Amino acid sequence: MTSIEDETPRVRTLVLDVGDWPGHRAGQHVDVRLTAEDGYRAERAYSIASAPGEPLAITVERLDDGEVSPYLVDVVREGDAFEVRGPIGGYFVWDPADGGPLLLAGGGSGVVPLRAMLRHRQRSGSDVATRLLYSSRSLDDVIYREELAETDTGLDVVLTLTRAQPPGWTGPARRVDADLLREVAWRAEDGPLAFVCGPTSFVETVASGLVELGYDPARVKTERFGATGAR
Ligand SMILES: Cc1cc2nc3c(=O)[nH]c(=O)nc-3n(C[C@H](O)[C@H](O)[C@H](O)COP(=O)(O)OP(=O)(O)OC[C@H]3O[C@@H](n4cnc5c(N)ncnc54)[C@H](O)[C@@H]3O)c2cc1C
């Protein structure tokens, strides 16, 4: 591993030095495998946080009672080594040629593969109209906060803060529901392409809400992180 960056008190990004990394697409993931001295192994999936062409990076949120994430967030140090398998996945991926308009919806750490897509969009000079709807517990929990605040042509970022809002907050302050989707999502008539990622309940609510708005189910791509973390 080459470097570690704190994103929030519970989340950090690990930049991994993989000698023969074949490159990856925006939206893919890797499997991280940890092996204890007694041979016990644990393996978990982590989305790739970096754009194609950038060094491989993952962004991990600590679940206090989890097995692998506390190790990756609290224990791992620069120079440590662990096994990584990938890149994996060919469905939840976006390339500029796929076009848009693009709706990216992320709950908590579900923003990670969407960030890879945003960086890919920017680095490739794509002008595909893009909206990111990102649900986070509080402003302090927003991952990539500074990066997302940077203006980029044709990109709108809508944050909803579900548990705590700073004084003067004027944005949405609730879980994503049908009304919020109606306000933020592109009109179905425009033929949008959607990527939805996060805890299973978030993904199911958003994906079914988009289909109710008339989105083509084949253009609503989903990635479920599991039942982790209530938002
Ligand atoms: C494709 C994919 C991509 C992902 N990308 C990311 C990413 O970019 N960033 C990220 O942070 N995560 C990501 N995840 C989630 C990640 O794979 C792990 O699930 C997460 O880090 C938790 O792992 P853990 O070992 O810390 O927790 P686990 O030990 O697996 O525990 C997970 C939760 O289950 C509960 N639990 C554990 N054991 C039990 C039990 N026996 N009975 C009841 N409850 C139990 C724990 O309380 C905890 O809340 C991704 C998942 C998938 C499938």
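Worth knowing before you read on, the calculation uses all heavy atoms, side chains too, and leaves out hydrogens, waters and symmetry mates. Just follow the structure's listing: the first ligand is 1, and inside any ligand the first atom is 1. Bear in mind that the values here come from a model prediction, so they are computed numbers and not experimental data.
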| said: So that I can tick it off, tell me whether Arg182 and Asp179 are bridged by a salt bridge, with the cut-off set at under 4.0 angstrom between side-chain N and carboxylate O. | reply: yes
| ligand 1 atoms in contact with Glu67 (distance to a heavy atom under 4.0 Å) | 24 (P), 25 (O), 26 (O), 27 (O), 28 (P), 29 (O)
| field | Row check, Trp186 ring normal vs Arg131 NZ/CZ: under 6.0 Å, within 45° | value | yes
| Electrostatic pair Glu7:Arg145 at N-O distance under 4.0 angstrom | no
| Numbering the atoms of ligand 1 from 1, which are under 4.0 Å from a heavy atom of Val60? | 11 (O)
| remark: Taking only non-hydrogen atoms of Leu63 and a 4.0 Å limit, the atoms of ligand 1 in range are 22 (C), 32 (C)
| note | Residue set satisfying side-chain contact (heavy atoms from CB on, under 4.5 Å) with Val73, at least two apart, ordered chain then number -> Arg12, Val60, Arg62
| request: State whether the shortest distance between N or O atoms of Arg224 and N or O atoms of ligand 1 falls below 3.5 angstrom. | output: no
| request: Using a 4.0 Å heavy-atom threshold (strictly under), name the region of Val11 that reaches ligand 1: side chain, backbone, both or neither. | output: neither
| request: Check whether any N or O atom of Pro70, backbone or side chain, sits under 3.5 Å from an N or O atom of ligand 1, and answer yes or no. | output: no
| request: Under the side chain to side chain donor-acceptor pair (under 3.5 Å) rule, what do Thr35 and Arg33 come out as? Steps first, then yes or no, please. | output: CA-CA 7 Å; Thr35 307; Arg33 179 189 278 179; 5.5 Å; no
| request: Provide the number and element of each atom of ligand 1 under 4.0 Å from a heavy atom of Thr59. | output: 7 (C), 8 (O), 9 (N), 10 (C), 11 (O)
| message | Regarding atom 3 (C) of ligand 1: of the candidates Tyr71, Phe92, Phe225, which has the closest heavy atom? | response | Phe225
| query | Is the count of non-hydrogen atoms from other residues, nucleotides or ligands lying under 6.0 Å from Glu189 atom CD greater than 12? | reply | yes
| Purely on distance, is any nitrogen or oxygen of His29 under 3.5 Å from one on ligand 1? | no
| field | Glu83/Arg44 salt bridge by N-O under 4.0 Å criterion | value | no
| remark: Per-atom filter on ligand 1: closer than 4.0 angstrom to a heavy atom of Gly66 are 24 (P), 26 (O), 27 (O), 28 (P), 29 (O), 31 (O)
| said: Test: ring pair (Phe, Tyr, Trp, His ring centres under 6.0 Å). Region: residues 64-92. Which pairs qualify, not counting sequence neighbours? | reply: Phe92-Phe195
| Proximal ligand 1 atoms for Glu223, defined as those under 4.0 Å from one of its heavy atoms | 1 (C)
| request: Indicate whether any N or O donor in one side chain lies under 3.5 Å from an N or O acceptor in the other, for Thr59 and Tyr144. | output: yes
| remark: Within 4.0 Å of some non-hydrogen atom of Val112, the atoms of ligand 1 are 8 (O)
| Is there a nitrogen or oxygen of Val68 sitting under 3.5 Å from a nitrogen or oxygen of ligand 1? | yes
